[in-house]
Amino acid sequence: MSTNTTNQPTLDPATALDDRFCAAIRAVVPDLPDDQVKAHIGPSRQPKFGDFQSNCAMPIAKRVGMKPRDLAAKIVEAIDVSGIAQPLTEESIAGPGFINISLLPKALGSALDAMDTDQLGITPPTAPKTIVVDVCGVNLAKQMHVGHLRSTVIGDAIARIQERLGHTVKRQSHVGDWGLPIAMVVEQLCVMEDAGTDLSSVTLAQLNSIYKVVQAKCKAETKALELITKVGGHIKAEIELTERITDANAAMERAKARLVALQSGDDRSVKMWQMIYDITMAACLATCQRLHANITDEHSAGESTYRDELGPLVQDLIDRKIAIEDDGALVVRCEGIKEPTIIRKRDGGFLYATTDLAAIKRRVEKLGGDEVVYCVDSRQGLHFKQVFAAAHKAGYDKTPSGKDAILVHAMFGTVLGEGNKPLKSRSGENLNLTDLLDEAVARASKAVAEKNPDMPESERSAISEAVAMAAIKYADLSTERIKDYVFSFDRMLAFEGDTGPYMLYAIARIKNMLGKADEKGVSVDAAKDASFSLDESAERALALMILRYPTIMHATGTHHEPHRLCGYLYELASLFAKFYEQCPVLKDGVEESTRDGRLRLSMLALRVLQDGCDTLGIPTVDRM
RNA sequence: GCCCCGAUAGCUCAGCUGGAUAGAGCAGCGGACUUCUAAUCCGCAGGUCGUAGGUUCGAAUCCUACUCGGGGUGCCA
């Protein structure tokens, strides 16, 4: 595949080389089918081999029955790389048939010039798409826990990346705000109010404990009773259990009745529900804001908003014989999936698959999604496989233009703690996200205070907050999302090596340098027109890395894998640190043209780092 | 039982969709701050890429089987 599949002019010299190589291949092997004309251009693994290499000779030679080195020789003879690279010769061919390429310094400079625009080489797509991203997904009356961290942080990053690429993004938070569990809480609050409890200042933490209590209360331990009855002889235990089950059943009945009342719009039930909704969302959206996740009220699309769409949807599926009755339940069967998708229970109730079908329909038909990306836990894998297949069978994935929308489950693994077990609090419950963030900030402020003893308290706390969020978000984003990852404060906030703070440090250093330039009377503005300084190997390495930015951004977007961009930014920051050590900029004795050329290179590196962090949703700081 | 996912240095992770001698960061050892921020940089050491086959010029990467770990699997979400 050519690197330039999106018909966008890319400034990466790799693209230009790609074109020249393809032309040469066509000239040398005219009969080769188009889909096999591939230049296989990539950056060199090692600087001694040059800047780029083409691996095209080996696969093509095999096709046409030539020796790879002979074919490479012919390509080298036929190719015209003038204006881009040093002329290619026999010497450029190495190993089994690699063709090594060194850019002309002039070409490297002009490629950087071309990239030095507001867009940093990422040009708008010729056909922008509308992409719906399912993020966050909190539940009413429940505090956010670590499980929500990934959906929020990764989901927001996926959304930002598509926005950066020039697509229209619509975030949707599928809030769990409907159904029996919520009705249980509503019922309990009604009971409490009847008993004279003042509910005007209830917090989410309190709702969370009420949620747990009512869950336990309604859970009938029928299995335990069966067991005891079977074993026999435990009359007392049997009576106790029977009583508890009777209580639980009664509580369940009241909850079900409350659900019916809520669904039919009963005034008091709805008011109580609204109160729970408001309290939950206020707290959760505040946490999203703290995480620098662009998720607000307007992105909330709770399950409750689909309530009037479920009945007609199910009827539609029945009418078109897509859904069939099976053992009293209504199911959709899809080819290649053993498990049927149940969309209506025997008792007539709908399930989460039903709501998700309605969500796909709305997201494609109403929101105009060409692509819908679900950033949800990998344990939902089968569920989404079923729902996507069912939606396709029903045609709910048809866009207004008649094409099938792309449905993607961008799944992520579990956050693990010590012993590689899912991260829990000491009491064994889900770890509260706010507590986790507070802990990170507490640790960050220690380090910030240590490094900056003279800094005013207000600035210090702002920096601590940003550094902590950057550390947590980078840790979450920088590994392949499908894998489980081990959460460790010590590693994240050691602030050394491959961490969020490393990136922030690189940015702060460049900004500081630019500030120093002003102090020294060196005009940063004037340096913006200087020609890049590219003689030193550290400068070239940094420049070549900068040029890869657009390509990396596209790859990150097509795969919905933020860790690709993280890895790139770390390499870029790392190359800048090397450049910083090896190439003095403002120090005495640096020639003016070199100084300005290095200033300009630093500024461009800064802008790419800043843009990359912004695109990932990682906050940055001016000092640290 | 069936299905999905994972396994790479002591630890935590990359490896750009098949390329040259498998790379980082921690931890360990040794160096570099009167000089643009040492939250940095340089060097040393550390590997049977879970196992066994296969595909080919070439495999951590693709195919098959197995082992171990995680998850899912008809009326919760």
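The figures that follow rest on heavy atoms only: side chains count, while hydrogens, waters and symmetry mates do not. Each chain gets a letter, A, B and so on, in the order its sequence line appears, and its residues count up from 1.
Below the 3.5 angstrom threshold, one finds a donor paired with an acceptor across the side chain of A:Arg548 and the base of B:C16. Taking only distance into account, the side chain of A:Asn420 never meets the base of B:G70 through a donor-acceptor pair shorter than 3.5 Å. In terms of polar N and O atoms assigned as donor or acceptor, the side chain of A:Asp356 never comes within less than 3.5 Å of the base of B:A77 in a complementary pairing.
Taking only side-chain atoms of A:Glu496, from C-beta outward, the nucleotide of B:A14, B:G72, B:C26 with the closest atom is B:C26. Considering only side-chain atoms of A:Leu586, the nucleotide from B:A38, B:C36, B:G19 that sits closest is B:C36. Closest contact between the side chain of A:Lys338 and the listed nucleotides B:U37, B:C2, B:A14 involves B:C2. Distance from the side chain of A:Asp327 is smallest to B:C75 among B:C75, B:A24, B:C57. Distance from the side chain of A:Tyr505 is smallest to B:A39 among B:C41, B:C16, B:A39. Among the nucleotides B:A77, B:U35, B:C57, the one closest to any side-chain atom of A:Lys587 is B:U35. When each of B:A77, B:C36, B:G19 is scored by its nearest atom to the side-chain atoms of A:Tyr352, the top-ranked nucleotide is B:A77. Between B:U37, B:U12, B:G74, one nucleotide has an atom nearer to the side chain of A:Val331 than all others, and that is B:G74. Among the nucleotides B:G19, B:G74, B:U40, the one closest to the side chain of A:Arg509 is B:U40. Picking from B:G1, B:G19, B:A39 the nucleotide with the shortest atom distance to the side chain of A:Pro59 gives B:G19.
The separation between A:Asp51 atom CG and B:A20 atom C1' is 17 Å, rounded to whole Å. Going from atom CZ of A:Arg333 over to atom P of B:U73 covers 17 Å, rounded to whole Å. Per the geometry, CZ belonging to A:Phe495 stands 16 Å off P belonging to B:C41, to the nearest Å. B:G58 atom P lies 17 Å from atom NE2 of A:His40, rounded to whole Å. Distance CZ (A:Arg69) to P (B:G58): 17 Å, rounded to an integer number of Å. A:Glu450 places its CD atom 14 Å from the C1' atom of B:A38, with the value rounded to the nearest Å.
The stretch residues 377-387 of chain A touches RNA chain B through A:Arg379, A:Gln380, A:Leu382, each having a heavy atom within less than 4.0 Å of the strand.
Note on A:Cys56: nothing from the nucleic acid sits closer than 4.0 angstrom, heavy atoms only. A:His409 comes within 4.0 angstrom of no nucleic acid atom, judged by non-hydrogen atoms across all strands. The residue A:Asp326 sits close to a base: some heavy atom pair falls under 4.0 Å. Residue A:Glu581 is in base contact, counting any heavy-atom pair closer than 4.0 Å across all strands shown. Base engagement by A:Tyr580 is indicated by at least one non-hydrogen atom pair under 4.0 Å involving a base atom. Counting any heavy atom pair closer than 4.0 Å across all strands shown, A:Tyr568 reaches no nucleic acid atom. In this structure, A:Lys520 reaches neither bases nor backbone, as no heavy-atom distance under 4.0 Å exists between it and the strands shown. Using a 4.0 Å heavy-atom distance criterion, A:Ala94 is classed as a base contact. A:Pro96 comes within 4.0 angstrom of a nucleotide base, judged by non-hydrogen atoms across all strands. If you check every strand for non-hydrogen atoms under 4.0 Å, A:Ala508 touches a base. Counting any heavy atom pair closer than 4.0 Å across all strands shown, A:Arg346 reaches a base atom. Residue A:Glu480 is classed as a sugar-phosphate contact, given heavy-atom separations below 4.0 Å to backbone atoms only. A:Lys48 comes within 4.0 angstrom of a nucleotide base, judged by non-hydrogen atoms across all strands.
Pair check for B:A9 finds none; no Watson-Crick or G-U wobble contact set falls under 3.5 Å. Nucleotide B:U21: unpaired (no Watson-Crick or G-U wobble partner with both distances less than 3.5 Å). The partner of B:G28 is B:C44, judged by Watson-Crick or G-U wobble contacts that both fall below 3.5 Å. With a cut-off of 3.5 Å on both Watson-Crick or G-U wobble distances, the partner of B:C16 is given as none. Pair check for B:C49 finds none; no Watson-Crick or G-U wobble contact set falls under 3.5 Å. When both distances must be under 3.5 Å, the Watson-Crick or G-U wobble mate of B:A59 does not exist. Base pairing of B:G1: its partner is B:U73, meeting the Watson-Crick or G-U wobble criterion (both donor-acceptor distances under 3.5 Å). Here B:U34 sits opposite no nucleotide as a Watson-Crick or G-U wobble pair (both hydrogen-bonding atom distances under 3.5 Å).
Comparing A:Val486 and A:Gly328 by the nucleotide of RNA chain B whose heavy atom lies nearest to each, the residue mapping closer to the 5' end is A:Val486. Projected onto RNA chain B by closest heavy-atom contact, A:Gln46 and A:Met513 fall at different nucleotides, the more 5' of which corresponds to A:Gln46.
OP1 and OP2 of B:C41 both lie 4.0 Å or more from every side-chain N or O belonging to A:Lys578. Checking the phosphate oxygens (OP1, OP2) of B:G70, no side-chain nitrogen or oxygen of A:Lys483 falls inside 4.0 Å.
More than 90° away from 0 lies the glycosidic angle of B:C41, which makes this nucleotide anti. Glycosidic conformation of B:U34: anti, with the torsion beyond 90° of 0.
Taking the six-membered ring for Trp and thresholds of 30 and 60 degrees, A:Tyr502 and A:Tyr570 have ring planes inclined between 30 and 60 degrees apart. Using the six-membered ring where Trp is involved, A:Phe489 and A:Phe487 have ring planes that are perpendicular, over 60° apart on the 30 and 60° scheme.
In this structure, A:Phe98 counts as stacked on the base of B:A20 under the 5.5 Å centre distance and 30° plane angle limits.
The cationic group of A:Arg548 does not satisfy the cation-pi geometry with A:Tyr568, failing either the under 6.0 Å distance to the six-membered ring centre or the 45° limit from the ring axis.
Looking only at side-chain heavy atoms (C-beta outward), A:Ile182 and A:Asp177 stay at 4.5 Å or farther from each other.
A salt bridge links A:Asp327 to A:Arg346: one of the charged nitrogens lies within less than 4.0 Å of a carboxylate oxygen.
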